[in-house]
Amino acid sequence: MHPVLSRFALSGAPVSSEPYGSGHINGTQLVVCDSGRRYILQQINTNVFREPEKLMRNIELVTAHLRTKVTDPRGVLCLVPAFDGKSFAVENGEYWRIYELVEGSVCYQSADAALFYESAVAFGRFQNQLSDFPADALVETILQFHDTPARYLTFHRSVSQNVAKRKGQVSREIDFVLERESFSHTLMDLQAAGELPLRVTHNDTKINNVLFDEKTNKALCVIDLDTVMPGLSVNDFGDAIRFGASTATEDERDLSNVHFDLELYKTYVKGYLSTCGQSLTKMEKAMLPTGAKMMTLECGMRFLADHLAGDVYFHVSREGQNLDRARTQFRLVEEMEKSWGQMHIVVEQTH
Ligand code: ADP
Ligand code: GN1
Ligand code: MG
């Protein structure tokens with residue numbers, strides 16, 4: 001049993017602690033106590049999150065706010081305090097926290113249309129419940145995370161530095177990114193002009209960051225709050241579409257399998273607007289398709305930049321995986337561009 005467990009106010013004595021779930025960022029353990037109570041112990045990845053104390057402050061503020069809004073207590077993560085009153089404990093320089101396990105819940109790695117709809121309901125509800133929270137009270141846990149023009153600057157650097165000497169093989173992909181540079185300013189410009197509001201955003205709106213009721217498959221709770229920070233609602237929407245409205249996995253090699261699925265997009269729009277439609281502004285709704293294309297382009301560009309840099313950020317399990325990932329994203333962007341009119345009509349016709 002990890003010694004850090006003795007620092008937290010658990011109900012009962014821990015009897016087991018085992019690796020749990022399949023998250024890629026934090027080390028997660030399931031802890032069982034002799035009282036029968038179960039907990040989630042997590043070591044915060046301080047390579048990714050440089051200021052864990054500020055990150056935990058964000059989570060404390062956001063979960064406290066959500067708790068005032070939920071009817072089912074399983075609808076919000078619950079931090080277990082350490083004996084010193086803090087929401088985390090430091091042991092040998094490592095940062096740890098504990099959540100109560102959400103009982104009767106299940107987490108999925110992939111989704112059919114019904115689960116995808118439910119995840120949209122959950123992320124929409126999350127946005128709605130935090131719409132009256134002052135987003136600027138939160139810190140940016142990763143700086144300029146979705147500042148797409150700033151991502152372009154990094155991209156230009158990766159191309160000119162050409163560290164992994166791969167530039168010659170990817171000139172078509174580089175051109176694809178460069179042709180869309182003026183588009184990359186759209187959302188940041190609207191935000192700067194005060195036309196898009198700063199919101200509390202989740203920044204990792206994938207299906208495996210929602211817990212579902214194991215009996216009804218209804219969405220219960222949004223988890224993985226490390227990247228909760230100020231941002232644009234349309235980017236949270238967009239990241240969910242990028243990942244969930246594709247017919248293939250992110251690193252599919254055969255591009256003929258990769259399509260932007262307009263029906264899945266429609267499903268997500270319906271679920272999302274059913275819970276946050278009334279708190280989004282007209283401009284935010286109008287910019288949902290732009291959020292989808294922006295997040296897909298940005299992610300593709302990040303994968304390509306990492307391929308050029310020698311795979312230093314995104315883990316790879318085979319040569320060329322980041323290039324394959326970039327190509328799937330660019331295929332999705334192309335198909336979104338072809339469906340651009342329909343993507344807007346779907347939003348306009350969803351109430
Ligand atoms: P990562 O950042 O590594 O993805 P997560 O916070 O998403 O970490 O947690 C990893 C996994 O642990 C989740 O996918 C989920 O299966 C499980 N999990 C996390 N928190 C809870 C909780 N409070 N109750 C039940 N399961 C949880
Ligand atoms: C990273 O760790 P994971 O897979 O949840 C990345 C996201 C990307 C995603 C692409 C902190 O998320 O921004 O969209 O990979 N997270 C961070 O697979 O950079
Ligand atoms: Mg996760």
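Counting starts at 1 for both ligands and their atoms, in listed order.
- No donor-acceptor pair under 3.5 Å is formed between the side chain of Ser339 and the backbone N or O of Met336.
- Under the 6.0 Å distance and 45° angle rule, Lys293 counts as a cation-pi partner of Phe183.
- For ligand 1, the polar-atom distance check finds an N/O of Glu100 within less than 3.5 Å of one of the ligand's N/O atoms.
- Near Asp204, meaning under 4.0 Å from any of its heavy atoms, are these atoms of ligand 2: 5 (O).
- Listed by atom number, the atoms of ligand 1 under 4.0 Å from Asn209 heavy atoms are 7 (O).
- When each atom of ligand 1 is checked for a heavy atom of Ile223 under 4.0 Å away, the hits are 7 (O), 13 (C), 15 (C), 19 (C).
- Residue side and main chain included, Asn209 places an N/O/S atom under 2.8 Å of the Mg ion (ligand 3).
- Protein heavy atom at the shortest distance from atom 19 (O) of ligand 2 is Tyr313 OH, 2.5 Å.
- Contact check on Asp132 versus Lys69 returns a salt bridge, with a Lys/Arg side-chain nitrogen under 4.0 Å from an Asp/Glu carboxylate oxygen.
- Contacts with ligand 2 closer than 4.0 Å are made by side-chain heavy atoms of Ile142 only, the backbone lying farther away.
- Interface of Cys107 with ligand 1, defined as ligand atoms under 4.0 Å from a residue heavy atom, comprises 14 (O), 15 (C), 16 (O).
- Looking at Lys285 and Glu348, no side-chain N of the basic residue comes within less than 4.0 Å of a carboxylate O on the acidic one, giving no salt bridge.
- Within ligand 1, the atoms closer than 4.0 Å to a non-hydrogen atom of Thr28 are 9 (O), 10 (C), 12 (O), numbered from 1 in the order shown.
- Not a single N or O atom of Thr227, backbone or side chain, sits closer than 3.5 Å to an N or O atom of ligand 2.
- The number of heavy atoms from other shown groups lying within 6.0 Å of CD (Glu319) does not exceed 12.
- Polar contact check, Gln109 against ligand 1: no nitrogen or oxygen pair lies under 3.5 Å apart.
- When atom types are taken as modelled, the side chain of Asp34 and the backbone of Gly12 share no donor-acceptor pair closer than 3.5 angstrom.
- In this comparison of Asp224, Asn45, Val102, the heavy atom closest to atom 4 (O) of ligand 1 sits on Asp224.
- The closest approach between Met295 and ligand 2 stays at or above 4.0 Å for every heavy atom of the residue.
- Only the side chain of Glu250 comes within 4.0 Å of ligand 2, judged by heavy-atom distances.
- With respect to the salt-bridge test (charged N to carboxylate O, under 4.0 angstrom), the residues Asp204 and Lys206 qualify.
- For the pair Arg172 and Phe176, the cation-pi test (distance below 6.0 Å, angle within 45°) is failed.
- Between Tyr20 and ligand 1, a contact under 3.5 Å exists for no N or O pair.
- Heavy-atom contacts of Asn208 reach the following atoms of ligand 1: 14 (O) (cutoff under 4.0 Å).
- In summary, Asp224 places an N/O/S atom under 2.8 Å from the Mg ion (ligand 3), meeting the contact criterion.
- Distance alone, capped at 3.5 Å, places no donor-acceptor pair between the Tyr95 side chain and the Asn45 backbone.
- Of the listed residues (Arg97, Glu60, Glu53), just one forms a side-chain hydrogen bond (donor to acceptor under 3.5 Å, both in side chains) with Ser87, and that residue is Glu60.
- Annotation for ligand 2: atoms under 4.0 Å from non-hydrogen atoms of Arg242 are 10 (C), 14 (O).
- Taking the charged nitrogens against the carboxylate oxygens, Lys215 and Asp213 have no contact shorter than 4.0 Å, which rules out a salt bridge.
- Remark: minimum distance from atom 7 (C) of ligand 2 to any protein heavy atom is reached at Arg302 NH1, 3.9 Å.
- Annotation for Lys86: atom NZ does not count as buried by contact number, only 12 or fewer foreign heavy atoms lying within 6.0 Å.
- Numbered from 1 in the order shown, with element, the atoms of ligand 2 that lie under 4.0 Å from a heavy atom of Lys206 read 3 (P), 4 (O), 5 (O), 12 (O).
- Regarding atom 2 (O) of ligand 2, its nearest protein heavy-atom neighbour is Ile25 CD1, 3.4 Å.
- For the pair Arg318 and Asp324, the salt-bridge criterion is met [side-chain N within less than 4.0 Å of a carboxylate O].
- For atom 15 (O) of ligand 2, the nearest non-hydrogen atom from the set Phe145, Phe314, Phe49 belongs to Phe314.
- Looking at Leu77 against ligand 1, only its side chain comes within 4.0 Å, counting heavy atoms.
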